[in-house]
Amino acid sequence: MTYAVTSSPKPTALITGASRGLGAAIARELAPSHELLLGARSADALRDILKEIPDATGWPVELTDYAAVATAAAPIRRLDVLVHNAGIQDLGTIADSTVEQWRKTLEANLIAVVELTRVLLPALRAADGHVLLINSGAGLRANAGWASYAASKFGLRAFADALRLEEPSLRVTSIHPGRIDTDMQREIIAQEGREYRPEQLLRAETVAGAVRNAVETSRDGHPTEIVLRPASS
């Protein structure tokens with residue numbers, strides 16, 4: 001099967017981590033204007049969002065299985081938008097961390113992003129495409145207990161900067177949101193032993209709207225970095 005048929009009247013967007021939370025919100029924002037490829041680890045994980053957006057196409061692949069990624073990416077001949085949203089948050093102090101934790105975090109949040117982008121470069125070049133990387137406030141400033149996660153996000157920002165210079169036909173945007181009201185954030189705050197207060201967090205729809213605004217920015221502008229913080233912070 002070949003995705004992103006050039007005769008399609010809509011541009012094509014691939015969103016990773018699209019089954020829930022921010023990824024699903026981004027899918028909803030881009031659905032009216034784009035043909036969507038929605039990524040997740042499994043087809044089962046995508047069932048609900050594909051029911052909600054039936055015109056979208058599922059793109060189930062484990063992003064750290066690089067042979068599977070190459071196979072899944074091969075049919076994509078033209079890609080207008082690539083949104084790197086998938087990632088993990090594995091928190092803990094440096095003293096309590098392990099080599100395995102660091103490897104797992106850097107693999108999921110940085111190396112997998114680099115490799116997916118690399119294999120999709122021909123398709124992105126064909127469309128003068130736009131790569132958007134969902135980074136974090138931790139990609140601008142590291143906090144205690146977030147060392148491995150922050151390191152992965154600092155690296156992600158460096159990758160975006162290098163990609164922007166090496167591929168001048170592409171637009172590359174790093175998006176640095178603060179904490180977002182998602183199931184993942186509930187788990188993190190529970191680990192921190194704090195009360196969950198969604199009114200102090202960004203809504204996923206707000207961050208998804210920023211993604212859409214970046215995508216829709218006229219080609220004479222290059223949105224390189226977007227930083228969002230909860231209004232209460």
Side-chain angles (χ1 to χ4, degrees), residues 13-34 36 38-40 45-46 48-49 52-53 81-92 105 108-110 113 130-157 159-161 171-217 221-233:
L14 169 58
I15 305 165
T16 68
S19 62
R20 62 182 184 137
L22 177 58
I26 294 170
R28 295 182 192 104
E29 282 287 334
L30 296 185
S33 54
H34 289 74
L36 296 182
L38 301 184
L46 288 165
D48 289 345
I49 190 64
E52 184 178 344
I53 310 175
V81 176
L82 172 59
V83 182
H84 287 290
N85 173 69
I88 63 172
Q89 288 181 307
D90 193 355
L91 309 184
T105 303
N109 291 354
L110 179 57
V113 171
H130 194 165
V131 180
L132 299 102
L133 302 106
I134 304 300
N135 201 298
S136 168
L140 300 172
R141 183 182 65 187
N143 292 319
W146 292 65
S148 62
Y149 179 72
S152 72
K153 293 299 189 178
F154 268 72
L156 190 65
R157 184 186 182 198
F159 167 67
D161 291 346
R171 293 201 291 182
V172 181
T173 305
S174 289
I175 298 178
H176 297 267
R179 295 192 185 219
I180 306 169
D181 180 16
T182 62
D183 291 341
M184 181 182 291
Q185 194 60 231
R186 287 182 181 275
E187 295 170 6
I188 292 169
I189 291 177
Q191 290 176 24
E192 294 172 333
R194 298 190 295 110
E195 178 185 0
Y196 191 81
R197 301 185 63 183
E199 70 275 9
Q200 295 181 345
L201 307 175
L202 287 163
R203 294 186 304 118
E205 293 78 10
T206 300
V207 182
V211 171
R212 177 178 52 77
N213 288 337
V215 169
E216 293 178 352
T217 297
H222 191 154
T224 57
E225 287 196 330
I226 297 170
V227 180
L228 290 170
R229 292 288 176 268
S232 61
S233 65

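These numbers come from a predicted model, not from an experiment.
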Might you point out which heavy atoms bring [X] and [Y] nearest each other, and give the distance in Å?
{"X": "Ala40", "Y": "Ala45", "result": "CB-CB, 4.1 Å"}
{"X": "Ala150", "Y": "Ala142", "result": "CB-CB, 3.7 Å"}
{"X": "Ala210", "Y": "Leu228", "result": "CB-CD1, 3.7 Å"}
{"X": "Ala13", "Y": "His34", "result": "CB-CD2, 4.0 Å"}

Side chain to side chain contact (heavy atoms under 4.5 Å, CB included) between Thr217 and Arg171, intermediate numbers included: CA-CA 10 Å; Thr217 297; Arg171 293 201 291 182; 3.8 Å; yes
Residue from Asn135, Val83, Leu133, Val211 passing side chain to side chain contact (heavy atoms under 4.5 Å, CB included) with Ile175: Val211
How would you list, by chain and number, every residue that makes a side-chain hydrogen bond (donor to acceptor under 3.5 Å, both in side chains) with [X], sequence neighbours excluded?
{"X": "Ser174", "answer": "none"}
{"X": "Asn85", "answer": "none"}
{"X": "Ser148", "answer": "Gln101"}

Under 3.5 Å donor-acceptor, His84 side chain and Thr16 backbone: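 Such a contact is absent between His84 side chain and Thr16 backbone.
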Counterpart residues, salt bridge (charged side-chain N to carboxylate O under 4.0 Å, His left out), relative to Arg212 (two or more places apart): Glu29, Glu216
Contacts of Asp161 that satisfy salt bridge (charged side-chain N to carboxylate O under 4.0 Å, His left out) - sequence neighbours left out: Arg164
side-chain contact (heavy atoms from CB on, under 4.5 Å) with [X]: which residues, sequence neighbours excluded?
{"X": "Ala147", "result": "Ile94, Trp102"}
{"X": "Ser152", "result": "Thr105, Leu106, Asn109, Tyr149"}
{"X": "Ala31", "result": "Leu36, Ile53"}
{"X": "Glu205", "result": "Arg203"}

At what distance, to the nearest 0.5 angstrom, does [atom1] of [X] lie from [atom2] of [Y]?
{"X": "Leu46", "Y": "Leu38", "atom1": "CG", "atom2": "CG", "answer": "6.5 Å"}
{"X": "Leu30", "Y": "Leu14", "atom1": "CG", "atom2": "CG", "answer": "11.0 Å"}
{"X": "Ile180", "Y": "Thr206", "atom1": "CD1", "atom2": "OG1", "answer": "9.5 Å"}
{"X": "Ile49", "Y": "Ile15", "atom1": "CD1", "atom2": "CD1", "answer": "8.5 Å"}

Arg28 vs Glu52, side chain to side chain contact (heavy atoms under 4.5 Å, CB included): CA-CA, chis, key distance, verdict: CA-CA 9 Å; Arg28 295 182 192 104; Glu52 184 178 344; 2.5 Å; yes
Leu140 vs Arg157, side chain to side chain contact (heavy atoms under 4.5 Å, CB included): CA-CA, chis, key distance, verdict: CA-CA 9 Å; Leu140 300 172; Arg157 184 186 182 198; 3.7 Å; yes
Sub-4.5 Å side-chain heavy-atom contact between Thr173 and Val215: no
Intermediate values then yes/no, side chain to side chain contact (heavy atoms under 4.5 Å, CB included), Ile26 and Leu132: CA-CA 11 Å; Ile26 294 170; Leu132 299 102; over 6 Å; no
Sequence neighbours excluded, every pair satisfying salt bridge (charged side-chain N to carboxylate O under 4.0 Å, His left out) that has a member inside residues 131-143: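 Output for this query is empty, none listed.
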